[in-house]
Amino acid sequence: MKEKYIGIVLSAATIGEYDKRVVLLSRENGRLSAFVRGARRPKSPLSAVTEPFCFGEFFVFRGRDSYTIEEVHAENYFPALRADLDALFLGMYFCEVADYFTREGMRADQELELLYRGLTALTQSGIPTDLIRRIYELRMLAVSGFSPHYDEKEKCWHDDIGRWSLSETASYTVGQILTRPLRNLFSFKVSDTVQAELATVIDRFFKRNTDKSFHSLDAL
């Protein structure tokens, strides 16, 4: 049965001499692995469109035991990521995080949009990449069911371990990251001091809620 998925390629690996196996994050069916027959043959129309970061419509044949990508209508390749090594590896990290938090058979509307907008933000000037990273990490945790809560009485954020020690501005920014519409999520800046506060607490919170070493970070 042939199905159409809206998605982004998270990773790709060679299989044999001419084929690929890709991991696709799809809006309709979450994360899935799929074969791409002949993708490594010269002049294959599926070569470029099955590389990481490719976003578009994927026409997938669902077999008894596996998926096969047969056609792709690409809308964005994010070519600017490949012109900046820091942005490239951070984009790969975003894909690793999306892979970690998603599962096959579960719709991934928010995860897909968050990844798309995170990759887009990396290609735009003016927003510090570390801020983009922390926004992405905290919002992905929230989308996946891990989120700090705000104590109105104490006027501060808490998680299941303890209180977050933040300035008023940093505390407000956490609330913005957790509640802003995704289309506006990567559209603000903060001072260096606030950015450092966010980096400290979000990094600690993220590591407590994951049990994986993300290889792309090693290259940054």
Side-chain angles (χ1 to χ4, degrees), residues 1-15 18-40 44-82 87-123 132-133 135-146 181-186 209-210 212 214-216:
M1 179 172 63
K2 196 172 185 179
E3 301 172 337
K4 182 180 80 171
Y5 296 140
I6 306 297
I8 293 177
V9 176
L10 301 180
S11 62
T14 59
I15 299 293
Y18 296 114
D19 302 336
K20 285 184 184 178
R21 184 168 185 168
V22 306
V23 177
L24 177 70
L25 177 60
S26 71
R27 181 181 65 191
E28 299 82 0
N29 199 33
R31 170 174 52 80
L32 56 93
S33 296
F35 293 101
V36 193
R37 310 294 183 189
R40 301 182 64 237
S44 168
L46 293 176
S47 178
V49 295
T50 51
E51 287 296 302
F53 311 134
C54 181
F55 169 78
E57 296 179 337
F58 294 78
F59 294 85
V60 179
F61 178 78
R62 185 199 289 255
R64 185 173 180 178
D65 301 310
S66 63
Y67 296 92
T68 302
I69 295 175
E70 297 185 340
E71 183 181 355
V72 181
H73 296 170
E75 295 184 20
N76 196 341
Y77 297 87
F78 293 99
L81 290 178
R82 294 171 173 81
L88 173 64
F89 286 114
L90 199 52
M92 292 170 62
Y93 169 63
F94 286 5
C95 288
E96 278 194 86
V97 170
D99 185 295
Y100 178 85
F101 281 107
T102 54
R103 299 291 181 270
E104 182 180 340
M106 300 178 65
R107 285 191 67 93
D109 302 70
Q110 292 187 72
E111 293 91 340
L112 179 64
E113 184 178 356
L114 177 58
L115 175 59
Y116 183 87
R117 295 194 182 280
L119 295 177
T120 300
L122 291 175
T123 67
I132 295 171
R133 170 186 169 181
I135 293 171
Y136 179 83
E137 289 173 335
L138 183 56
R139 190 58 175 261
M140 183 64 81
L141 283 169
V143 167
S144 303
F146 305 93
L182 291 175
R183 65 181 180 275
N184 298 324
L185 185 59
F186 299 95
N209 287 284
T210 53
K212 173 183 171 63
F214 296 94
H215 301 300
S216 300

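- A 4.5 Å side-chain heavy-atom check between L115 and Y136 finds at least one atom pair inside the cut-off.
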Quick one, S216 with E96, criterion side chain to side chain donor-acceptor pair (under 3.5 Å). Give me CA distance, side-chain angles, the key distance, then yes/no. CA-CA 8 Å; S216 300; E96 278 194 86; 2.6 Å; yes
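- Between G38 and D19, the shortest heavy-atom distance links the atoms N-OD1, 2.8 Å.
- Between the side chain of E28 and the backbone N or O of I6, at least one donor-acceptor pair lies under 3.5 Å.
- Annotation: side chain of S66 is in contact with side chain of F35 (closest heavy-atom distance under 4.5 Å).
- Among all heavy-atom pairs drawn from L119 and G91, the shortest one is CD2-CA, 3.7 Å.
- For F78 and Y116, the ring centers sit closer than 6.0 Å to each other.
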Does the side chain to side chain contact (heavy atoms under 4.5 Å, CB included) test come out yes or no for R133 and Y93, once each step is laid out? CA-CA 9 Å; R133 170 186 169 181; Y93 169 63; 4.0 Å; yes
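- Using a 4.5 Å heavy-atom threshold, the side chains of V60 and N29 count as separate.
- The backbone N or O of L46 sits less than 3.5 Å from a side-chain atom of S44, completing a donor-acceptor pair.
- For the pairing with T50, the side chain to side chain donor-acceptor pair (under 3.5 Å) check across R21, R40, K20 returns one residue only, K20.
- With contacts defined as side-chain heavy-atom distances shorter than 4.5 Å, the pair F146/M140 does not qualify.
- When each of F101, F186, F94 is paired with L114, the side chain to side chain contact (heavy atoms under 4.5 Å, CB included) condition holds for F186 and for no other.
- Looking only at side-chain heavy atoms (C-beta outward), L81 and T123 come within less than 4.5 Å of each other.
- Within 6.0 Å of the CD atom in E113, the count of heavy atoms belonging to other residues, nucleotides or ligands exceeds 12.
- The cationic atom of R62 (NZ for Lys, CZ for Arg) does not lie both less than 6.0 Å from the six-membered ring centre of Y67 and within 45° of the ring axis.
- Residues E71 and K2 have side chains in contact (heavy-atom distance under 4.5 Å, counting atoms from C-beta outward).
- The shortest distance between side-chain heavy atoms of R82 and E51 falls below 4.5 Å.
- Residues A108 and L25 share a closest heavy-atom pair of CB-CD1, 3.9 Å.
- Under the 4.5 Å side-chain criterion, counting only non-hydrogen atoms from C-beta, V97 is in contact with F214.
- Interatomic distance, I69 CD1 to L32 CG, rounded to the nearest 0.5 Å: 7.5 Å.
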